[in-house]
Chemist: 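For reference, the structure I am asking about is given below.
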There are 2 protein chains.
Amino acid sequence: MPESHHADIRRLDLFAEMEESNFKALMRGSYVQNFPQRIELIMEGETSDFLHVVLSGSVDLYSCWNNQETSMATIRPVSTFILAATIKDAPYLMSARTLEKSRIALIPSQDVRAIFDTDAAFARAIVNELAQCYRTVVKNTKDLKLRSSLERLANYLLRQHNKTGSSVIDLSMEKRRLASFLGMTPENLSRAFKGLSPFGVTVSGSQIKIGDVETLEAFAKPSVLIDNMQS
Amino acid sequence: MPESHHADIRRLDLFAEMEESNFKALMRGSYVQNFPQRIELIMEGETSDFLHVVLSGSVDLYSCWNNQETSMATIRPVSTFILAATIKDAPYLMSARTLEKSRIALIPSQDVRAIFDTDAAFARAIVNELAQCYRTVVKNTKDLKLRSSLERLANYLLRQHNKTGSSVIDLSMEKRRLASFLGMTPENLSRAFKGLSPFGVTVSGSQIKIGDVETLEAFAKPSVLIDNMQS
DNA sequence: TCAAGCGTTTGACATTAATCAATTGAAGCG
DNA sequence: CGCTTCAATTGATTAATGTCAAACGCTTGA
């Protein structure tokens, strides 16, 4: 792998604290690849050969059953995905495809597991990352089971607002994918946006404006135990 | 803690491979407590002081939002819960209550984190457990987003069938809790059982009989990437 | 510039699930 | 035993969500 990418990867929480020699060893077996838009990176059910790191672009994790597809998460730089499958040496539960032109680092799963055993700092980082992933999915489940589609959309917008600080949100993905992620149909997402207009939400293309955050929050009732992305 | 419980805990994957001295150190700070039925063990939002191990009985993990409650999982002996919160030293995302008279071991979170850093076998076990938990929740999400309530119930019955090997399933929990776990109302669960009768499912109290597994499978279309509890 | 293609929106309708109210049934207790 | 209590069931109704078809609008490319 070209050394130029090392710094990006090293900055990741997962690799930041590990021994330099171990990091170098990991990088030796790894490589970086550029993928065009809409390329299938992995398919659910396959066995895990590489830990993937998104260096640039973005990746959609999705799952299928009975000819339906649902979007599970979007991975943005710089972070990893399919860590759990790598650790357990088990089949992927989700498929992944690039949403746009992306640069992905591939680190052999075997090396990750081997160095885990010898590098305590790396082990702790992996545990932290996994715990974080776990908690994210639990929050997601709570969102799905406890909220209506309108409430899910409202809280999604507020989360984006909190992340960027701006009251104008750029969806940065197709509405159909957002709909799938939120567990609804594109038609219903369209109607849900309309349903939020009494609370000051206006739509123009992929730009969503929150007229008054307090009003939207009064409806959405965000909770730190569902919507706080940090903890 | 009375030594008599040590063996039960030691048998857990999480503790089986660690150094004896470290295990003893963990146990020194721990204690075992008996709880009656329907006792709140932890509340979501609290900070994590103890890793909990269910030695006997059973525990319901559930979450609330906006005056609604949903059951997230049932923990049966012998296994742990709230590992992720313990590791991250973060607030619980779920509440826990005993479903029946239960014996619970409480292991100080601080000790778990400390020994994690010094015992590689323990670290690997924790990572495995967390990865397992993560994958379980992901499967759960796929179940929720990709299936109708009737399909969720059918696949739940088939999973129980695979676990016990028997074609007569004892629900071993209130139907209302099963309904909550499956993401539906008790009324709808009742109707869903009726809806499965064309596929050979008969109900008498908490005993569910699968008349013909193949017929039910033809409807439920179970998938290893959702319903296999092992991988 | 126009046409094609595709994502989005809209409306009508079907299906699914939730709610409300009433009844049934089973377990616990005096 | 009979009463109380609460879960479970049933039916009627409403609400939420999905489906289908058509129209719209933006982007792309000849």
Side-chain angles (χ1 to χ4, degrees), chain A residues 36-38 60 62 65-71 97 99-101 143-156 169-198 201-208 219-220, chain B residues 36-38 60 62 65-71 97 99-101 143-156 169-198 201-208 219-220:
Chain A
Q37 190 183 29
R38 291 179 178 280
D60 182 34
Y62 67 98
W65 180 79
N66 199 30
N67 299 321
Q68 298 165 77
E69 179 180 316
T70 192
S71 177
R97 71 162 74 94
L99 287 169
E100 54 193 307
K101 192 168 174 301
D143 191 51
L144 276 171
K145 290 183 77 175
L146 291 167
R147 288 171 171 166
S148 70
S149 58
L150 207 58
E151 290 165 338
R152 290 201 296 278
L153 176 59
N155 280 294
Y156 177 84
I169 293 151
D170 190 286
L171 293 184
S172 74
M173 69 173 100
E174 289 176 320
K175 288 201 179 114
R176 48 163 38 198
R177 278 204 58 252
L178 177 59
S180 176
F181 175 72
L182 293 175
M184 55 180 115
T185 57
E187 293 95 327
N188 261 328
L189 176 62
S190 201
R191 289 184 260 259
F193 274 121
K194 285 232 158 57
L196 289 182
S197 65
V201 174
T202 48
V203 180
S204 80
S206 64
Q207 306 279 313
I208 317 295
F219 168 74
Chain B
Q37 191 183 28
R38 292 180 179 278
D60 181 33
Y62 66 98
W65 180 80
N66 200 29
N67 299 320
Q68 298 166 77
E69 179 180 316
T70 191
S71 176
R97 72 163 72 93
L99 287 170
E100 53 193 306
K101 192 169 173 303
D143 192 50
L144 276 171
K145 290 183 78 174
L146 291 167
R147 288 170 171 165
S148 70
S149 59
L150 207 60
E151 289 164 339
R152 289 200 295 278
L153 176 59
N155 280 293
Y156 177 84
I169 293 151
D170 190 286
L171 292 185
S172 74
M173 67 172 102
E174 289 177 319
K175 288 201 179 113
R176 48 164 38 199
R177 278 204 60 251
L178 176 59
S180 176
F181 175 72
L182 293 176
M184 56 180 116
T185 58
E187 292 96 326
N188 261 329
L189 177 63
S190 201
R191 289 184 259 260
F193 274 122
K194 285 231 157 56
L196 289 181
S197 65
V201 174
T202 48
V203 181
S204 81
S206 65
Q207 306 279 312
I208 317 294
F219 167 75

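All chains are named by letter (A, B, ...) in the order of the sequence lines, taking the proteins before the strands, and each is independently numbered beginning at 1. Source: prediction; values computed, not measured.
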Chemist: What string of B, S and - do you get for nucleotides 19-27 of chain C, 5' to 3', if B is base contact, S is sugar-phosphate-only contact and - is no contact with any protein heavy atom under 4.0 Å?
Modeler: BB-------

Chemist: Between atom OG of S206(A) and atom NZ of K175(A), what is the distance when rounded to the nearest 0.5 Å?
Modeler: 7.0 Å

Chemist: Could you give the distance from CG (L171(A)) to CG (L178(A)), rounded to the nearest 0.5 Å?
Modeler: 6.0 Å

Chemist: Quick check against the 3.5 Å criterion: does N155(A) have a side-chain atom that pairs as donor or acceptor with the backbone of A220(A)?
Modeler: yes

Chemist: Mind calculating the distance between CD (Q37(B)) and C1' (dG28(C)) to the nearest angstrom?
Modeler: 13 Å

Chemist: Roughly, in whole Å, what's the span from CE in M184(A) to P in dT15(C)?
Modeler: 23 Å

Chemist: Quick one: does K145(B)'s side chain have a donor or acceptor within less than 3.5 Å of a partner on S180(A)'s backbone?
Modeler: yes

Chemist: Working to the nearest 0.5 Å, report the span between CG of D143(B) and OH of Y156(B).
Modeler: 11.5 Å

Chemist: Which whole-number value in Å describes the distance from K175(B) NZ to dC6(D) P?
Modeler: 19 Å

Chemist: Is E151(B) reaching over with its side chain to a backbone N or O of S148(B), donor-acceptor style, under 3.5 angstrom?
Modeler: yes

Chemist: CG of L150(B) versus P of dA18(C): gap in Å, rounded?
Modeler: 13 Å

Chemist: With a 3.5 Å distance limit and no angle check, can you tell me whether R176(B) reaches the backbone of P186(B) through a side-chain donor-acceptor pair?
Modeler: no

Chemist: G183(A) near the nucleic acid: base, sugar-phosphate alone, or nothing, with a heavy-atom cut-off under 4.0 Å?
Modeler: sugar-phosphate

Chemist: With nearest nucleotides of DNA chain D determined for S148(A) and E174(B) from heavy-atom distances, which residue corresponds to the more 5′ nucleotide?
Modeler: E174(B)

Chemist: L178(A) has an atom CG; how far is it from atom C1' of dT8(C), in whole Å?
Modeler: 13 Å

Chemist: Quick one: which of dA18(C), dA17(C), dT8(C) gets closest to the side chain of S149(B)?
Modeler: dA17(C)

Chemist: In whole Å, I'd like the distance from the CZ atom of R152(B) to the C1' atom of dT16(C).
Modeler: 11 Å

Chemist: Whole angstroms only, please: what is the CG-P distance between L182(B) and dA18(C)?
Modeler: 11 Å

Chemist: Without decimals, in angstroms, what is the distance between L189(A) CG and dT9(C) P?
Modeler: 7 Å

